[in-house]
> 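Structure provided below as structure tokens; questions to follow.
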Amino acid sequence: GVVGVHIAPDAKLGAIVEVNCETDFVAKNEDFLAFARNLAELAARHAPADVAALSGLKLGAATVEETRTALVGRIGENMSLRRFQRVEAKGRLVSYVHGGAKIGVLVDVAGGDEALAKDVAMHIAASKPVALSRDEVPPELIQKEREIAQQKAAESGKPANIVEKMVDGSVQKFLKEVTLLGQPFVKDDKLTVEQLLKSKGAQVQ
């Protein structure tokens, strides 16, 4: 499928949607791509509660669901609206779409310039962080990583106090790898994204 992105002219409001289809051939179809973009604009403008509410909104003369059904009939392949996210920015929204609209990023950046904001969006697409900072990493993910580290450390045969340090070290490394602020910046791995943002007087919200 594809990702559709819409950002309002003032860059304060936007939405990103995922629309699935069965083949790559359809994912390149201009009508299908336009449908995804239109859905993102509708989601941003109307703030639907869920996918069902978005499907019931009007897209021109017909509803989104009627438009989807007509598109399925015309293209001859099933397609479905999977999920969407609407964002109201504290700073300004910037988007980055990669790989023929397969990966899409919508990021809220305060401070810095347009080039920095685009770089951060591109970094997110490449490095796929699960959270902005350590505090936002889901506890179950940390627990799972801790259990894996404990198992590995226990096999080393080292004393308990060393094992505990090894486990903590593994968890800290994991948190750097999966958080945007902790990751090395893709264009300069000597800098973390957090250091890059600080050097430009910027923040990701």
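All values derive from a computational prediction rather than experimental measurement. Computed from heavy atoms alone, side chains included, the values below leave out hydrogens, waters and symmetry copies. Residues: numbered from 1 along the sequence shown.
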> Identify the heavy atoms of Thr67 and Ala62 that sit nearest to each other, and give their distance.
OG1-CB, 3.9 Å

> Take atom NZ of Lys12 as the centre, draw a 6.0 Å sphere, and report whether it contains more than 12 heavy atoms from other residues, nucleotides or ligands.
yes

> Would you name the heavy atoms of Arg82 and Val51 that are closest together and state the gap between them?
O-CG2, 3.6 Å

> Are a donor atom and an acceptor atom from the side chains of Gln151 and Glu147 found within less than 3.5 Å of each other?
no

> For Asn20 and Ser80, indicate whether the former's side chain and the latter's backbone hold a donor-acceptor pair under 3.5 Å.
no

> Are Leu81 and Arg68 close enough that some pair of their side-chain heavy atoms sits under 4.5 Å apart?
no

> Thinking salt bridges, do Glu155 and Lys152 make one under a 4.0 Å N-O criterion?
no

> Is a salt bridge present between Asp10 and Arg92, judged by a nitrogen-to-oxygen distance below 4.0 Å?
no

> Report yes if the side chains of Pro129 and Val178 come closer than 4.5 Å at any heavy-atom pair, otherwise no.
no

> Decide side chain to side chain contact (heavy atoms under 4.5 Å, CB included) for Ser127 and Val186; before the verdict, give the C-alpha distance in whole Å, the side-chain angles of both, and the deciding distance to 0.1 Å.
CA-CA 8 Å; Ser127 301; Val186 285; 3.4 Å; yes

> Do side-chain atoms of Glu77 reach the backbone of Glu22 as a donor and acceptor pair under 3.5 angstrom?
yes

> Compare every heavy atom of Lys58 with every heavy atom of Leu42, then report the nearest pair and how far apart it is.
CD2-O, 3.5 Å

> Going only through I, L, V, M, F, W and Y residues with side-chain contacts under 4.5 Å, is there a path from Val64 to Val19?
yes

> Nearest 0.5 Å, what's the CG-NZ distance between Leu196 and Lys190?
14.5 Å

> Run Val2 and Leu33 through side chain to side chain contact (heavy atoms under 4.5 Å, CB included) and show every step you take.
CA-CA 7 Å; Val2 294; Leu33 291 166; 3.7 Å; yes

> So, taking the atom named CZ in Phe174 and the one named CD1 in Ile148, what distance separates them when rounded to the nearest 0.5 Å?
8.0 Å

> What closest approach, in Å, do Ala40 and Val5 show between heavy atoms, and which atom pair accounts for it?
CB-C, 3.7 Å

> Contact between Arg83 and Val17 at the side-chain level, heavy atoms closer than 4.5 Å - yes or no?
no

> Looking at every heavy atom in both Ala43 and Ala15, which two are closest together, and how far apart are they?
CB-CB, 3.8 Å

> Within a radius of less than 6.0 Å around NZ of Lys102, do more than 12 heavy atoms belonging to other residues, nucleotides or ligands occur?
yes

> Working to the nearest 0.5 Å, report the span between CD of Glu136 and CG of Leu175.
12.0 Å

> Start with the C-alpha gap between Phe84 and Ile16, add the side-chain angles, then the distance that decides, and say whether side chain to side chain contact (heavy atoms under 4.5 Å, CB included) holds.
CA-CA 6 Å; Phe84 70 91; Ile16 185 164; over 6 Å; no

> Among the clusters formed by ILVMFWY side chains lying less than 4.5 Å apart, do Leu116 and Leu93 turn up in the same one?
no

> Is the backbone N or O of Ala27 less than 3.5 Å from a side-chain atom of Asp24, with the two atoms forming a donor-acceptor pair by type?
no

> Any side-chain heavy-atom pair from Met79 and Val72 closer than 4.5 angstrom?
yes

> May I have the step-by-step check of salt bridge (charged side-chain N to carboxylate O under 4.0 Å, His left out) for Lys176 and Glu194, ending in yes or no?
CA-CA 11 Å; Lys176 278 184 188 166; Glu194 184 169 26; over 6 Å; no

> What's the spacing between Leu59 CG and Glu65 CD if we round to 0.5 Å?
12.0 Å

> Just by distance, no angles: are the side chains of Ser170 and Glu145 close enough, under 3.5 Å, to form a donor-acceptor pair?
no

> Of the options Asp31, Asn29, Thr69, which is the one that meets Arg74 in a side chain to side chain donor-acceptor pair (under 3.5 Å)?
Asp31

> Between Ile124 and Ile103, is there shared hydrophobic-cluster membership here, with clusters defined by ILVMFWY side-chain heavy atoms closer than 4.5 Å?
no

> Taking the side chain as C-beta and beyond, is there a heavy-atom pair between Pro184 and Thr192 under 4.5 Å?
no

> So, do Glu88 and Arg86 sit near enough that their side-chain heavy atoms are less than 4.5 Å apart?
yes

> Hydrophobic clustering (ILVMFWY, side-chain heavy atoms < 4.5 Å, transitive) - are Val107 and Leu191 grouped together?
yes

> What closest approach, in Å, do Ala11 and Ala89 show between heavy atoms, and which atom pair accounts for it?
O-CB, 3.9 Å

> For the hydrophobic clusters of this structure (ILVMFWY residues joined by side-chain heavy atoms under 4.5 Å, transitively), does one cluster hold both Leu13 and Tyr96?
no

> When you compare the side chain of Val130 with that of Thr179, does any pair of heavy atoms fall below 4.5 Å?
no

> So for atom NZ, which belongs to Lys173, do other residues, nucleotides or ligands contribute more than 12 heavy atoms lying within a distance under 6.0 Å?
no

> Let me know which of Lys187, Gln183, Lys118, Lys128 forms a side chain to side chain donor-acceptor pair (under 3.5 Å) with His123.
Gln183

> Does CD belonging to Gln85 count more than 12 external heavy atoms closer than 6.0 Å?
no

> Would you compute the distance between atom CD of Glu41 and atom CG of Leu39 and round it to the nearest 0.5 angstrom?
10.5 Å

> Which distance, rounded to the nearest 0.5 Å, do you find between the CE of Met122 and the OG of Ser95?
13.5 Å

> Hey, are the side chains of Thr63 and Leu57 touching, using non-hydrogen atoms and a 4.5 Å cut-off?
no

